[in-house]
Amino acid sequence: MQYFRPIVNNKILKLCIILLILVGTIYYWNEISSASSSKFHVEENMELAELYIKKHLIPDKRNLFFIETSCAINNTVTPSGMKINRRQACSIYSTAVLNPSRQIILYHSCPLHNDFYERSTEFNKYLLDLPNFFIFHAKLEDLMKGTCVGHVFEDLQRSNFPVEHAADITRLLMVYKYGGAYLDLDFVSIKPFVDLPKNFIVAEANSSLSNGVFQFEAQGKGHEFVKEMLIDLAYNYNGIVWAANGPQLFMRTYRKFCNYSENVLLTPITSPCGISVTSSKLFFPVHFSNWKWFFYPYKSETVVELLIKDSVAVHFWNFLSKNEIVKIGEHCAYETIAAKHCKNILMNTSTF
């Protein structure tokens with residue numbers, strides 16, 4: 001019996017091996033790329049957005065939300081990288097690093113291009129690389145649809161403050177549906193969010209509440225409280241007054257829900273209604289009337305050594321301070337705090 005042995009040209013054999021290695025390498029990097037970007041959601045299709053939300057957004061007390069609503073009304077901004085500036089990135093970064101066990105979630109109202117990571121700034125890539133940071137985009141109209149405030153979306157089109165009022169609504173929807181904490185993008189966190197009441201609002205002053213930071217569970221009294229605010233908002237939405245759907249809404253709901261007299265000053269207290277009011281020094285150590293103290297180098301020691309020593313996060317009053325420039329090296333309080341808690345975000349810049 002004669003056996004036939006296939007004859008393979010050495011050059012062809014080498015070429016086949018090279019092709020196999022190339023295919024394997026491409027597959028490997030595609031898998032790596034897929035794994036690294038799995039936490040970023042860029043789909044416009046609402047059905048796909050809902051699948052993402054079901055997977056990553058679940059009722060959990062560890063949720064901590066940030067909201068970006070500059071495109072919430074028109075949704076027509078040209079897709080690009082994250083629309084988060086350096087100060088906002090510092091806010092998210094400092095919070096995520098200090099709270100590694102919490103899920104830091106950014107609702108990004110502006111459409112995101114499929115390769116938005118590559119298009120994003122270097123300082124935002126530091127943020128995107130954090131293991132506990134997640135970002136998703138969905139149209140605000142779709143998020144509101146089917147809720148008691150769904151009809152308010154049309155009113156938002158005519159608001160005097162569309163970005164701010166959209167943010168007022170979005171933060172309530174996120175915490176109502178999934179529970180957890182919310183923080184404005186003009187804070188810098190300086191301590192972990194531990195030993196805080198499970199359901200709390202912060203007193204901005206003795207006679208006013210803030211909606212810039214709060215925490216409510218996805219069930220029980222906290223859930224009921226947020227529901228009451230959404231119902232109030234559904235009936236009493238105000239597109240003219242800046243604070244009507246935020247601090248004023250929180251105040252009137254708290255007075256009603258907790259049967260709290262208007263003549264009684266707001267002090268750190270856990271009410272029988274189950275909603276705590278925390279001290280302003282935890283998050284608002286510098287009163288808004290003194291916001292410039294953060295930018296005066298000669299005030300830095302007073303702010304850093306005395307005023308914020310008992311704070312969890314520091315509010316920088318962006319509505320008033322957004323046009324104030326911080327120059328690296330002048331050592332104002334803002335720079336000192338940011339340099340300690342979001343050093344990576346300040347790299348390669350002389351101002352922020």
Side-chain angles (χ1 to χ4, degrees), residues 41 46 49-50 53 57 59 63-77 83-84 88 91 105-111 135-187 199-202 204 208-218 222-254 256-257 275 318-319:
H41 177 68
M46 192 54 192
E50 288 175 352
I53 289 170
L57 288 182
N63 292 331
L64 200 159
F65 292 97
F66 288 92
I67 304 293
E68 187 287 315
T69 54
S70 60
C71 307
I73 304 304
N74 52 44
N75 201 51
T76 58
V77 171
K83 193 172 182 180
I84 295 293
Q88 294 170 329
S91 179
I105 302 165
L106 171 66
Y107 167 68
H108 195 277
S109 67
C110 299
I135 179 175
F136 79 100
H137 162 72
K139 293 180 180 178
L140 178 58
E141 183 179 12
D142 290 331
L143 292 177
M144 295 173 65
K145 193 176 297 181
T147 71
C148 68
V149 293
H151 65 283
V152 176
F153 184 78
E154 291 187 9
D155 296 324
L156 280 172
Q157 317 290 318
R158 300 181 293 275
S159 169
N160 287 356
F161 307 96
V163 172
E164 291 81 2
H165 289 170
D168 289 336
I169 296 172
T170 307
R171 72 190 70 183
L172 292 180
L173 286 174
M174 292 293 103
V175 174
Y176 176 70
K177 291 181 178 181
Y178 309 111
Y182 167 81
L183 195 67
D184 272 347
L185 284 166
D186 55 351
F187 281 89
N199 298 303
F200 77 83
I201 319 171
V202 180
E204 189 175 300
S208 63
L209 294 173
S210 170
N211 73 330
V213 54
F214 54 85
Q215 178 168 270
F216 298 110
E217 291 188 307
H223 187 68
E224 293 174 15
F225 184 78
V226 182
K227 181 179 180 180
E228 288 297 318
M229 284 195 285
L230 287 169
I231 292 173
D232 184 306
L233 191 57
Y235 285 100
N236 302 307
Y237 168 79
N238 184 324
I240 299 174
V241 180
W242 180 79
N245 313 299
Q248 291 179 14
L249 171 65
F250 272 62
M251 176 62 81
R252 64 178 179 263
T253 305
Y254 182 75
K256 178 182 177 182
F257 191 85
I275 308 300
N318 180 66
F319 186 73

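For the single chain, residues carry numbers from 1 onward in sequence order.
- Proximity of Val213 to Ile201: side-chain heavy atoms (C-beta onward) are nowhere separated by under 4.5 Å.
- Taking the six-membered ring wherever Trp is involved, the centroid distance between the rings of Phe225 and Phe216 falls below 6.0 Å.
- Separating the NZ atom in Lys177 from the CG atom in Leu143 is a distance of 6.0 Å, to the nearest 0.5 Å.
- In this structure, CD in Glu204 is found 9.5 Å from CE in Met251, a value given to the nearest 0.5 Å.
- Nearest heavy-atom pair, Asn238 versus Ala244, reported as atom, atom and distance to 0.1 Å: CB-CB, 3.5 Å.
- A donor atom on one side chain and an acceptor atom on the other are not found under 3.5 Å apart for Gln157 and Ser159.
- Here Cys71 contributes atom SG and His137 contributes atom NE2; the two are 8.5 Å apart, rounded to the nearest 0.5 Å.
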CA sep, side-chain torsions, deciding dist, call: Val149, Leu173, side-chain contact (heavy atoms from CB on, under 4.5 Å): CA-CA 9 Å; Val149 293; Leu173 286 174; 4.1 Å; yes

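- Between Phe214 and Phe250, a ring centre-to-centre spacing shorter than 6.0 Å is recorded.
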Step-by-step side-chain contact (heavy atoms from CB on, under 4.5 Å) determination, Gln248 to Leu209: CA-CA 8 Å; Gln248 291 179 14; Leu209 294 173; over 6 Å; no

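- Without hydrogens or angle criteria, Asn199 side chain to Glu217 main chain gives a donor-acceptor distance under 3.5 Å.
- Remark: Asp186 engages no residue in a salt bridge (charged side-chain N to carboxylate O under 4.0 Å, His left out) (not counting sequence neighbours).
- Note that the NE2 atom of His151 and the OH atom of Tyr237 stand 10.5 Å from one another [nearest 0.5 Å].
- Counting heavy atoms from C-beta on, the side chains of Asp184 and Asn318 never come closer than 4.5 Å.
- Among all heavy-atom pairs drawn from Phe66 and Leu183, the shortest one is CD2-O, 3.2 Å.
- Smallest separation of non-hydrogen atoms from Pro162 and Asn160: CD-C, 3.5 Å.
- Summarising the geometry, atom CD1 belonging to Ile169 is positioned 9.0 Å from atom CG belonging to Leu230; distances are rounded to the nearest 0.5 Å.
- Taking each heavy atom of Leu185 and Ile67 in turn, the nearest pair found is CD1-O, 3.3 Å.
- What you find for Asn211 and Pro247 is that their closest heavy atoms are OD1-CD, 3.5 Å.
- Residue pairs meeting the salt bridge (charged side-chain N to carboxylate O under 4.0 Å, His left out) criterion with at least one member in residues 222-244, sequence neighbours excluded, are Asp232-Arg252.
- You'll find the side chain of Ile105 stays beyond 4.5 Å of the side chain of Leu64, heavy atoms only.
- Note that OG1 of Thr170 is 12.5 Å distant from NE2 of His165, once rounded to the nearest 0.5 Å.
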Residue pair Phe136, His108: steps toward the side-chain contact (heavy atoms from CB on, under 4.5 Å) verdict: CA-CA 6 Å; Phe136 79 100; His108 195 277; over 6 Å; no

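- Ring geometry for Phe65 against Tyr178 counts as tilted: the plane angle lies between 30° and 60°, on a 0 to 90° scale.
- Panel note: side chain Glu68, backbone Ser109; a donor-acceptor pair is recorded below 3.5 Å.
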Worked verdict on Glu164 versus Trp242 for side-chain contact (heavy atoms from CB on, under 4.5 Å): CA-CA 8 Å; Glu164 291 81 2; Trp242 180 79; 3.4 Å; yes

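- The salt bridge (charged side-chain N to carboxylate O under 4.0 Å, His left out) search around Lys256 returns none, not counting sequence neighbours.
- Here the shortest heavy-atom pairing between Ala167 and Thr69 reads CB-OG1, 3.5 Å.
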